[in-house]
K.L.:
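Quick one: the structure is below, and I'll ask about it shortly.
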2 protein chains.
Amino acid sequence: MTTSGFICGLDAALAVIGGKWKPLILFHLSHEARRYGDLRRAIGNVSDKMLIQQLKELEADGIVDRLDFKEIPPKVEYSLTAFGQTLAEALKPLCAWGTEHMIEVEKLMSRRGASEVEKVA
Amino acid sequence: MTTSGFICGLDAALAVIGGKWKPLILFHLSHEARRYGDLRRAIGNVSDKMLIQQLKELEADGIVDRLDFKEIPPKVEYSLTAFGQTLAEALKPLCAWGTEHMIEVEKLMSRRGASEVEKVA
DNA sequence: TCCAGTATGCACCTTTTGGTAAGTATCAAT
DNA sequence: ATTGATACTTACCAAAAGGTGCATACTGGA
């Protein structure tokens, strides 16, 4: 079925920001443009493969801009497009919600992990 | 490492609403409480296993309330908790963004699928 | 009596996603 | 000459997410 129709806008939005590192990428790029390696270090424990992959998708989706300086030790800068910035705007309240309830959510998530451990034990 | 610490609130929020059917569930329950089968039909093409699983997680996360009427043809009603309603609020702008750009996003998504088809062809 | 509807559980399998480790080309510094 | 940094690619593998189908216990309707 090619009817990939979304029911509520939430579906559409999540189709774009779904992906383990995309929220972080959005987060870091919302402040300023960043070079690849820079962004990589900022996020911390991403593999190259993953970061590149997610950046490519975001680029294909018109969320981020890739600026290749064509220099010979490679230099590439990533930034949010205007479209990406509208997304970042729309994400702010959700980000705020998450920040506000972060402790609670962390407890919930560790509980999920814990119950899985119980099954093993 | 058990440091499941989120970097930005986005991570925390997405840990809660991540899951193929959760956005839809939130969406439908934000209007009113619904019986299980009712909700199921509203969503359309979910399997029982998935819907139940996602509902259980949302329940465990304190987002939805499960009201069992203990009747003998089973009757159970799901609704948003107060906490769940704060989430729903925070999601509104994102939902609006998705609705606004839905056509664009649908094109993007079908393009993703198309390029995968190219690889096969 | 037999089937449908109710909400849910369980076993199994496929698809998707994420991760690891290696390799590429080019230059600067050691 | 080797090493390290740059941005990125590829092949291979593990884990997680999702899907299918069957089973349950009980009732009401055909």
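Quick note: numbers below take in every heavy atom, side chains included, and nothing from hydrogens, waters or symmetry partners. Below, chains carry the letters A, B, ... as their sequence lines are ordered, and counting in each starts from 1.
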K.L.:
Apply the hydrophobic cluster definition, ILVMFWY joined by side-chain contacts under 4.5 Å directly or through others, and give me every member besides A:Phe69.
P.N.:
A:Leu67
K.L.:
When the distance from CZ of B:Phe69 to C1' of D:dC26 is rounded to whole Å, what number comes out?
P.N.:
18 Å
K.L.:
Could you state the atom-to-atom distance from OH of A:Tyr36 to P of D:dT9 in whole Å?
P.N.:
9 Å
K.L.:
Would you tabulate the pairs of protein nitrogen or oxygen atoms and nucleotide nitrogen or oxygen atoms of nucleotides 19-22 of chain D closer than 3.5 angstrom?
P.N.:
residue, atom, partner, partner atom, Å
D:dG19, OP1, B:Lys20, NZ, 2.7
D:dG19, OP2, B:Trp21, NE1, 3.3
D:dG19, N7, B:Lys49, NZ, 2.7
D:dG19, O6, B:Lys49, NZ, 2.3

K.L.:
For residues 51-63 of chain B, which residues have at least one heavy atom under 4.0 Å from DNA chain C?
P.N.:
B:Ile52, B:Lys56
K.L.:
Taking any heavy-atom pair under 4.0 Å as a contact, classify B:Tyr78: base, sugar-phosphate, or nothing.
P.N.:
sugar-phosphate
K.L.:
Hey, is the main chain of A:Val64 close enough, under 3.5 Å, to the side chain of A:Glu59 for a donor-acceptor pair?
P.N.:
no
K.L.:
To the nearest angstrom, how far is B:Glu71 atom CD from C:dG5 atom C1'?
P.N.:
14 Å
K.L.:
Quick check: closest heavy atoms across B:Pro23 and A:Leu14, and the distance to 0.1 Å?
P.N.:
CG-CD1, 3.3 Å
K.L.:
Which whole-number value in Å describes the distance from A:Lys70 NZ to D:dA7 P?
P.N.:
15 Å
K.L.:
Looking for any heavy atom pair under 4.0 Å, which part of the strands does A:Pro74 touch: base, sugar-phosphate only, or nothing?
P.N.:
base
K.L.:
Looking at every heavy atom in both A:Val46 and A:Arg40, which two are closest together, and how far apart are they?
P.N.:
O-NH2, 3.1 Å
K.L.:
Starting at atom CD1 of A:Ile25, determine the distance to atom C1' of C:dG18, rounded to an integer number of angstrom.
P.N.:
14 Å
K.L.:
Would you please name every residue forming a side-chain contact (heavy atoms from CB on, under 4.5 Å) with B:Gln53, sequence neighbours left out?
P.N.:
B:Lys49, B:Met50, B:Glu57
K.L.:
Using 4.0 Å as the upper bound for N to carboxylate O, is an ion pair formed by B:Arg112 and A:Asp61?
P.N.:
yes
K.L.:
Roughly how many Å is it from CG in B:Asp68 to C1' in C:dT6, rounded to a whole number?
P.N.:
11 Å
K.L.:
Of A:Gly18 and A:Pro73, whose nearest nucleotide on DNA chain C comes first from the 5' end?
P.N.:
A:Gly18
K.L.:
Nearest whole angstrom, please: distance from the P of C:dT17 to the CG of A:Leu14.
P.N.:
14 Å
K.L.:
Distance-only check: which donor-acceptor pairs under 3.5 Å involve side-chain atoms of residues 26-37 of chain A, not counting sequence neighbours?
P.N.:
residue, atom, partner, partner atom, Å
A:Ser30, OG, A:Phe27, O, 2.7
A:Arg35, NH2, A:Pro74, O, 3.2
A:Tyr36, OH, A:Asp48, OD1, 2.6

K.L.:
Using atom CD1 of A:Ile72 as one end and atom P of D:dA5 as the other, report the distance to the nearest whole Å.
P.N.:
18 Å
K.L.:
Could you check which of C:dT6, D:dT6, D:dC26 has an atom nearest any side-chain atom of B:Arg35?
P.N.:
C:dT6
K.L.:
Establish, with yes or no, whether the OP1 or OP2 oxygen of D:dA7 is under 4.0 angstrom from a side-chain nitrogen or oxygen of A:Arg41.
P.N.:
no
K.L.:
May I ask you to test the B:Asp65-B:Tyr78 pair for a side-chain heavy-atom distance under 4.5 Å?
P.N.:
no
K.L.:
Show which side-chain atoms of residues 85-97 of chain B pair as donor or acceptor with protein atoms under 3.5 Å away, not counting sequence neighbours.
P.N.:
residue, atom, partner, partner atom, Å
B:Thr86, OG1, A:Trp97, NE1, 2.9
B:Thr86, OG1, B:Phe83, O, 2.5
B:Glu89, OE2, B:Lys92, NZ, 3.0
B:Trp97, NE1, A:Thr86, OG1, 2.9

